[in-house]
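Accompanying notes for the structure given below.
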Amino acid sequence: MDRSLPLSEEAVRGLVGEFGLITAKGRYRMSELRQRMNAMTPDHLPAIACQAINTLFDHIDKLEEQIADVERQIVEWHKNNEDSRRLATAPGVGPITASAIVAAVGDGRQFQSARHFAAWLGLTPRMHASGKKERIGRISKGGDRYLRALLIHGARAIVGTLFRKNVPPRPWLLALAARRPANVTAVAVAHKTARALWAMLTRDEKYRKPIAATLSAA
């Protein structure tokens with residue numbers, strides 16, 4: 001996504017905030033903010049300021065249209081690509097993530113193992129050893145930042161299902177979340193997902209839900 005969109009939203013919030021207009025964050029709050037601004041009288045918001053801020057709103061609208069058009073093209077490509085459709089059967093993976101991975105790594109066979117693929121994405125924890133003790137550190141954050149971000153966003157959605165009553169709980173996820181912070185849990189889930197995606201690519205298989213799975217967090 002073009003970084004100019006969040007930057008434009010931040011600029012609008014900063015400007016209208018100077019005139020006492022404050023709303024919750026989120027892209028979908030922008031239309032509400034614009035309506036409230038246009039309802040203000042010149043005594044509270046000078047016409048020239050209103051015109052300048054509306055120019056920023058128009059810029060955001062155009063960016064939204066461009067993003068929506070690109071996403072439509074990606075989804076269309078995804079529908080016509082067997083590998084991408086197969087990856088999207090995995091939890092936390094949608095058309096955007098699946099198509100991005102296929103476009104970046106193809107069949108994934110250039111990686112020796114699932115761990116190598118996860119390491120390339122920067123999702124493998126660093127190991128620190130002192131004497132006979134080993135300590136698992138933070139993820140390396142090397143590799144492809146965009147793919148890593150997509151997988152972590154998808155993992156956060158999976159972690160969020162723990163708080164939904166209509167979703168059957170995953171025992172391994174419950175156990176992991178009970179002993180690790182939410183962000184650490186999400187990264188561990190993203191690492192698990194990355195390894196599953198490599199296996200799906202190299203074996204030409206759809207996602208197979210494990211019968212029993214355990215996960216040790218970093």
Side-chain angles (χ1 to χ4, degrees), residues 1 70-71 74-127 136-218:
M1 179 183 293
V70 170
E71 288 184 346
I74 292 174
V75 170
E76 189 62 30
W77 182 90
H78 162 78
K79 290 178 179 178
N80 292 301
N81 185 278
E82 184 179 353
D83 289 336
S84 186
R85 293 197 311 271
R86 189 166 60 250
L87 293 189
T89 62
V93 178
I96 302 298
T97 302
S99 59
I101 289 176
V102 172
V105 304
D107 61 12
R109 290 186 171 87
Q110 64 269 44
F111 301 101
Q112 296 179 16
S113 66
R115 181 175 176 81
H116 282 85
F117 178 53
W120 177 76
L121 290 169
L123 287 169
T124 300
R126 298 178 183 225
M127 300 297 295
I136 300 176
R138 297 183 177 181
I139 59 173
S140 64
K141 293 187 178 180
D144 195 303
R145 295 177 60 186
Y146 177 64
L147 293 180
R148 182 172 64 252
L150 288 176
L151 287 170
I152 291 176
H153 285 319
R156 287 198 178 105
I158 294 175
V159 175
T161 61
L162 291 174
F163 308 99
R164 295 170 58 183
K165 296 181 180 179
N166 60 333
V167 178
R170 296 178 172 89
W172 64 267
L173 183 56
L174 284 171
L176 177 60
R179 64 180 189 270
R180 293 288 188 244
N183 285 338
V184 175
T185 301
V187 172
V189 172
H191 179 269
K192 180 182 176 72
T193 301
R195 295 173 71 117
L197 294 178
W198 179 85
M200 293 164 64
L201 275 175
T202 56
R203 298 171 187 170
D204 296 329
E205 294 178 350
K206 291 185 177 181
Y207 179 78
R208 291 185 295 178
K209 185 177 180 180
I211 299 175
T214 57
L215 180 64
S216 58

Quiz item: Is there a donor-acceptor pair under 3.5 Å between the side chain of Thr89 and the backbone N or O of Arg86?
Solution: yes
Quiz item: Any donor-acceptor pair under 3.5 Å linking the side chain of Arg195 with the backbone of Ala114?
Solution: no
If you take all heavy atoms of [X] and [Y], which pair is closest and at what distance?
X	Y	result
Ser99	Ser84	N-OG, 3.3 Å
Ala155	Ala190	CB-N, 3.6 Å
Ala177	Leu162	CB-CD1, 3.6 Å

Exercise. Could you tell me if the ring centre of Trp198 sits under 6.0 Å from that of Phe111?
Key: no
Exercise. Could you list the residues that satisfy salt bridge (charged side-chain N to carboxylate O under 4.0 Å, His left out) with Glu76, not counting sequence neighbours?
Key: none
Working to the nearest 0.5 Å, report the span between [atom1] of [X] and [atom2] of [Y].
X	Y	atom1	atom2	result
Leu197	Tyr207	CG	OH	9.5 Å
Thr193	Met200	OG1	CE	10.0 Å
Thr97	His153	OG1	NE2	9.0 Å
Ile101	Leu201	CD1	CG	7.5 Å
Leu176	Lys192	CG	NZ	10.0 Å
Asp83	Asp204	CG	CG	6.5 Å

Can you list the residues that meet the side-chain contact (heavy atoms from CB on, under 4.5 Å) rule with [X], with sequence neighbours excluded?
X	result
Gln112	His116
Asn183	Arg156
Ile96	Glu71, Ile74, Tyr146, Leu150

Quiz prompt | Sequence neighbours excluded - ring-ring contact (aromatic ring centres under 6.0 Å, His included) pairs with any residue from residues 77-104 | solution = none
Self-check item: All pairs passing ring-ring contact (aromatic ring centres under 6.0 Å, His included) where residues 87-109 contributes a residue, at least two apart
Solution: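 Qualifying pairs, neighbours excluded: none.
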Self-check item: Sole candidate of Thr185, Leu173, Val93 that passes side-chain contact (heavy atoms from CB on, under 4.5 Å) when paired with Ile158
Solution: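 Answer after filtering Thr185, Leu173, Val93: Leu173.
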Quiz item: Given side chains that start at C-beta, do those of Ile152 and Leu123 come closer than 4.5 Å, heavy atoms only?
Solution: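 Yes, their side chains come closer than 4.5 Å.
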Quiz item: Under 4.5 Å between any side-chain heavy atoms of Trp120 and Val105, yes or no?
Solution: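 Side chain of Trp120 against side chain of Val105, heavy atoms only: contact under 4.5 Å found.
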